[in-house]
2 protein chains.
Amino acid sequence: MTDQERTLREKLRIKPGETIRLKDRSPRDKSLFGDEQQTKAATAALAKEIDTLQDRLYAEGSRALLVVLQGTDTSGKDGTIRGVFNATGPLGVTVHAFGPPSRLELEHDYLWRVHAACPRRGTIGIFNRSHYEDVLVGKVRKLAPEKVIEQRYEQINAFEKMLVETGTTILKFMLHISKDEQKERLQERLADPAKHWKFNPGDLEDREHWDDYQEAYEIMLHRCSTQWAPWHVIPADRKWVRNAAIATIVKATLEEMDPQYPKVSWNPGDFKVE
Amino acid sequence: MTDQERTLREKLRIKPGETIRLKDRSPRDKSLFGDEQQTKAATAALAKEIDTLQDRLYAEGSRALLVVLQGTDTSGKDGTIRGVFNATGPLGVTVHAFGPPSRLELEHDYLWRVHAACPRRGTIGIFNRSHYEDVLVGKVRKLAPEKVIEQRYEQINAFEKMLVETGTTILKFMLHISKDEQKERLQERLADPAKHWKFNPGDLEDREHWDDYQEAYEIMLHRCSTQWAPWHVIPADRKWVRNAAIATIVKATLEEMDPQYPKVSWNPGDFKVE
């Protein structure tokens, strides 16, 4: 990892126990990167490096990487996956989107479906939304009593700790956009028939609860950014900044994991293919 | 719960943090019960009460009961299920036997398959062996480094705490038999062709590690009998004592849970079936 990468990661990472005010963090911040075109080219190069590292992770077959993406509607979760992981492709990467729980899922604890979807050894798993919805929409819309929500922070920390201790590295990214930027993106969805499918009248209801959601995010970041599974707040009003930041951290993390091709027990020189 | 039931439960339950010497607990103890024939009749009556309570749990549909059975080979895990739950039948009861993990299971953390098998709301789930194998055979046969085994006790406690907080009551039973009783039961399996299928030459290997297993059980009982998910050590050399003890505790626990038939929103008198 270069010093520049380390600095970037430290700037975006929430320290365990840190108290966060999202208003103090500009979603339009681009100071971490230079020129837009150069940064986009660098991100494309990072995506290729991620692909190479993922190939080694897959061959090694003993560890996993879990990438959690959270953010309000239109914050760019799908776009991040395209921007950062499209060079990697589906062989060793799985994406799991968590929508409202099904009837079967509701018949179990809220982590049941999450645990089931955790990436197997050798792969990268991406959660497009996650168990954190249970302390976000769950809290704002009061889907569970306050006491139950309160217990979830610790339950989630313990669950993630177990995952990390058993071989999964976890990176969590909150895609931080401004209310103005969301307005523009929602209007775009209404204006473009090819984007109508992405619009949901419920998004407007959630928008009315903007401040409540921001507060729920702040509590989540404060309670659940742990040494073993850190949260990062990504300035996401600019898609190229968002992708560059996440690609940098994912690449640096995979490099630190340093997956190795397994040693083979035979000598290639002993074989001859006729 | 009667005073007698409460006394029995307290005698068999391991207090959080308690240090256990299995040698101090006789597997042949029958002092908790009176006459054998009377006790057997009482157990059959308890099994029927369990069935009634299970019907209410099923109708209520909001909570679950998880019964964990652990014990060395021939300790009577299958027999317990027959003796205590046969009156209940499969509608609201599931039994999950955990054997050696499959290749897919090994590609995830050891709690992955366990979480997946946890009982859904309204049901009783019985684990015939469980995640505790990972600190029993895992420890004795050194299937994982000592440091990894060490982490598991806390991981299991946190996992079970989450299950309890999200609506599952947990009862854990260690079926405690003597080495002499195991000898007899293994010899029976060798002598009776109808029981050959239950014999496994590996059982004799495990028998050679008897003392190591007893020690691993003692550590497990000490580390993982928690306020939220207590262990009970059941004297299991006598099958009727074993079944009576477990049936008593299961019945008393379901009674404490006190599941309720849901209130209906209509008046039966308003309807007439032609």
Side-chain angles (χ1 to χ4, degrees), chain A residues 57-58 60-64 66 92 94 96 101-125 131 134-135 138 143-170 226 228, chain B residues 57-58 60-64 66 92 94 96 101-125 131 134-135 138 143-170 226 228:
Chain A
L57 189 73
Y58 190 78
E60 185 193 77
S62 64
R63 291 175 293 167
L66 173 60
T94 55
H96 199 99
S102 70
R103 185 170 163 169
L104 175 67
E105 289 166 351
L106 286 172
E107 284 179 336
H108 292 86
D109 67 89
Y110 70 104
L111 292 173
W112 183 76
R113 64 174 182 160
V114 177
H115 202 168
C118 282
R120 67 177 206 280
R121 300 180 198 285
T123 70
I124 297 177
H131 42 304
D134 294 286
V135 293
L143 304 179
E146 196 52 49
K147 185 180 153 257
V148 168
I149 301 283
E150 185 55 35
Q151 290 176 328
R152 288 181 183 165
Y153 301 107
E154 285 312 309
Q155 289 164 354
I156 288 172
N157 288 344
F159 169 62
E160 291 179 350
K161 190 166 191 234
M162 181 277 296
L163 289 178
V164 170
E165 288 174 343
T166 54
T168 298
T169 298
I170 302 179
T226 54
W228 54 88
Chain B
L57 188 74
Y58 190 79
E60 184 193 76
S62 64
R63 292 175 294 167
L66 173 61
T94 55
H96 199 99
S102 70
R103 186 171 161 167
L104 174 67
E105 289 166 352
L106 286 172
E107 284 178 335
H108 292 85
D109 67 89
Y110 70 104
L111 291 174
W112 184 76
R113 63 174 182 162
V114 177
H115 202 168
C118 282
R120 69 177 205 281
R121 301 180 197 284
T123 69
I124 298 178
H131 42 304
D134 294 286
V135 294
L143 303 180
E146 195 53 49
K147 183 182 154 256
V148 168
I149 302 283
E150 186 54 36
Q151 290 176 328
R152 288 180 183 167
Y153 301 107
E154 284 314 308
Q155 289 165 354
I156 288 172
N157 288 345
F159 169 62
E160 291 179 350
K161 189 167 190 231
M162 181 276 295
L163 290 177
V164 170
E165 287 175 343
T166 54
T168 298
T169 298
I170 302 179
T226 54
W228 54 87

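Naming: A, B, ... by sequence-line order, numbering from 1 per chain.
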Self-check item: chain B-proximal positions within residues 150-159 of chain A [heavy-atom distance under 4.5 Å]
Solution: A:Gln151, A:Gln155, A:Ala158
Exercise. Show your reasoning for whether side chain to side chain contact (heavy atoms under 4.5 Å, CB included) applies to A:Asp109 and B:His115.
Key: CA-CA 10 Å; A:Asp109 67 89; B:His115 202 168; 2.9 Å; yes
Quiz item: To the nearest 0.5 Å, what is the distance between CH2 (A:Trp112) and CE (B:Met162)?
Solution: 12.0 Å
Quiz item: Once you round to the nearest 0.5 Å, how far does CG of A:Leu111 lie from CG of B:Leu111?
Solution: 12.0 Å
Quiz item: For chain B, which of A:Leu104, A:Thr168, A:Leu106, A:Val148 has the most heavy-atom pairs under 4.5 Å?
Solution: A:Leu106
Quiz item: Non-hydrogen atoms of chain A under 4.5 Å away: do they reach the side chain of B:Leu163, the backbone, both or neither?
Solution: side chain
Quiz prompt | Pairing residues for A:Arg121 by the salt bridge (charged side-chain N to carboxylate O under 4.0 Å, His left out) criterion, not counting sequence neighbours | solution = none
